[in-house]
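Numbering of residues begins at 1 and proceeds along the displayed sequence. Heavy atoms only: backbone and side chains are in, while hydrogens, waters and symmetry mates are out.
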Amino acid sequence: MIQFFKSWILITRAYALPMSVFSWFVAYAYSIIDNGNSTYGLIALAGICLAHLGANMFDDFVDYHLLTKKYDKDNKLKFLNAQRNKCSYITNSIITVNQLLLASLLFLAAACLVGIYLAYKTGIGVYIFMLMGGFLGLVYPLLGKFRLCEAAIALIYGPYLFGGVNYVMTGSYDWHTLIVCIPTMLMTVNLLYTDTMLDYDIDSRERKKTIANMFQSKWGGFRFHKILLAAAYLSVFLTAIFDIADWEVFLTWGTIPMALNLLDSMKIYIIDNTTIPEKRGFANFMENWDEIEKDGAEAFMYRMYQARNLMICFSLIFGLTLVLYSG
């Protein structure tokens, strides 16, 4: 049973689920302040998580067909321009490609049912957020041809998620969600940007266009990484300027050491992509590490976990300060 759950964590890329959970948490916290319906907020979380996991599997399904691959001397399928653990559950015969597609469609269908229920209970405006977010989620694997992946993630985990959660909880749309979403939206984009920085060479060989490989060198991408993280922390000022939160919201700046550790780690990766820094603090929370070591993906996943854990801590503090100290 344990192995079964480990396999599905791998297949669904559930390690990235905190992107959805903690973005939702901030939107939920803001909506609670506005006397939102907590039950509908929790139901929305279920739909968001189902959609995220389904989209992850659909993304892998598309990548499986698009990425350059070949069979090695042992007749085992290998992806030439991908991280070593890419679609390993398929190459290791844990699941077939058709089963992956079926699982993806089942998760997405379940998410749609949740959305239909919420629309019935709270209003047809739910469909607008569902359609906008769902469309971007499905075309996401193709957006890499146009350097639009980061923009799609920003919209999905920013205005669409925050507006949608607020709508189902309060029954109306609040434009202030456009402001509240910015700090965690940028932290979520940082998670994707970390991924694309780690895949700088791979994406370039596959002719996938990202903001990271828009720069002529990885060091140019690294400088933008610093700007992105700085923007996330500075955007906290907006919640104070628009009188959405009190000064306690700046407790989020307590995560700056984690951001600096991530940047130091990325700098090391640019110089030597096999080196794994010493784990510090919350960075020790890295599940399924044994499986990651078997796949030889430690250097890649270490940085991804760092970016994810930074997003978790930042969003958790941000959401709590909104609930405890606003108004």
Side-chain angles (χ1 to χ4, degrees), residues 13 15-16 19-20 23 51-52 54-70 78-88 90 100 104 132-161 181-182 184-232 262-263 265-267 269-271 273 297 299-301 303-304 306-308 310-311:
R13 277 188 271 151
Y15 71 86
M19 289 171 61
S20 291
S23 293
H52 185 168
N56 280 350
M57 289 185 283
F58 186 75
D59 181 52
D60 276 355
F61 173 79
V62 174
D63 277 350
Y64 178 86
H65 289 89
L66 294 182
L67 290 174
T68 306
K69 49 190 176 294
K70 71 172 185 177
K78 297 287 185 183
F79 294 91
L80 299 183
N81 298 319
Q83 293 292 340
R84 293 178 63 181
N85 63 336
K86 182 66 176 178
C87 294
S88 60
I90 296 177
L100 176 66
S104 171
M132 292 189 299
F135 173 75
L136 284 181
L138 289 176
V139 301
Y140 178 81
L142 304 177
L143 296 179
K145 302 293 183 182
F146 308 99
R147 216 183 300 277
L148 291 173
C149 288
E150 293 84 357
I153 290 297
L155 287 172
I156 291 170
Y157 287 96
Y160 295 170
L161 185 148
C181 76
I182 294 174
T184 51
M185 178 189 76
L186 291 174
M187 276 297 176
T188 304
V189 171
N190 171 67
L191 182 54
L192 173 63
Y193 190 79
T194 300
D195 187 358
T196 55
M197 275 294 292
L198 296 171
D199 282 345
Y200 184 98
D201 293 325
I202 290 171
D203 288 340
S204 296
R205 288 195 294 269
E206 284 289 331
R207 296 182 180 179
K208 181 178 179 180
K209 296 179 180 179
T210 67
I211 291 179
N213 65 23
M214 174 178 68
F215 300 96
Q216 291 185 351
S217 73
K218 296 175 187 177
W219 292 110
F222 178 71
R223 285 190 287 272
F224 182 81
H225 203 166
K226 291 191 286 187
I227 293 171
L228 177 61
L229 283 169
L262 171 62
L263 290 173
S265 183
M266 294 300 293
K267 187 186 299 184
Y269 189 88
I270 292 173
I271 298 170
N273 62 9
F300 173 83
M301 286 304 302
R303 276 82 180 182
M304 288 302 296
Q306 277 188 305
R308 182 203 65 177
L310 169 61
M311 189 269 174

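- Taking NZ from K209 and CZ from R207, the interatomic distance works out to 10.0 Å, rounded to the nearest 0.5 Å.
- Across A154 and P159, no two heavy atoms sit closer than the pair O-CD, 3.5 Å.
- Within the 4.5 Å cutoff, the side chain of I182 has heavy atoms near those of the L186 side chain.
- Contact of the M301 side chain with the Y15 side chain is registered, since non-hydrogen atoms from C-beta on lie closer than 4.5 Å.
- Below 30°, between 30° and 60°, or above 60°: for Y193 and H225 the angle between ring planes is above 60°, a perpendicular geometry.
- Contacts of K218 classified as salt bridge (Lys or Arg N to Asp or Glu O under 4.0 Å), with partners at least two apart in sequence or in another chain: D201.
- Separating the OH atom in Y200 from the CE atom in M214 is a distance of 10.0 Å, to the nearest 0.5 Å.
- Residues forming a side chain to side chain contact (heavy atoms under 4.5 Å, CB included) with T210 (at least two apart in sequence, or on another chain): E150, T196, D203, K208, A212, N213.
- Nearest heavy atom pair, residue M19 against residue M311, reads O-CE, 3.6 Å.
- Separating the CG atom in L192 from the CE atom in M187 is a distance of 14.5 Å, to the nearest 0.5 Å.
- Take A307 and apply the side chain to side chain contact (heavy atoms under 4.5 Å, CB included) test, not counting sequence neighbours, and it matches N190, L191, T194, L262.
- Side-chain contact between L198 and M266 is present, with heavy atoms from C-beta onward closer than 4.5 Å.
- Listed here is the closest heavy atom pair of S20 and H52: OG-ND1, 2.6 Å.
- In this structure, OG in S23 is found 10.5 Å from CE in M185, a value given to the nearest 0.5 Å.
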Tabulate below the donor-acceptor pairs under 3.5 Å that side-chain atoms of residues 133-145 make, not counting sequence neighbours, or state none.
none

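- Of all non-hydrogen atoms in F215 and G220, the two that sit nearest each other are CG-C, 3.7 Å.
- Side-chain contact check for N273 versus F300: every heavy-atom pair is 4.5 Å or farther apart.
- Applying the ring pair (Phe, Tyr, Trp, His ring centres under 6.0 Å) criterion to Y160, with sequence neighbours excluded, gives no partner residue.
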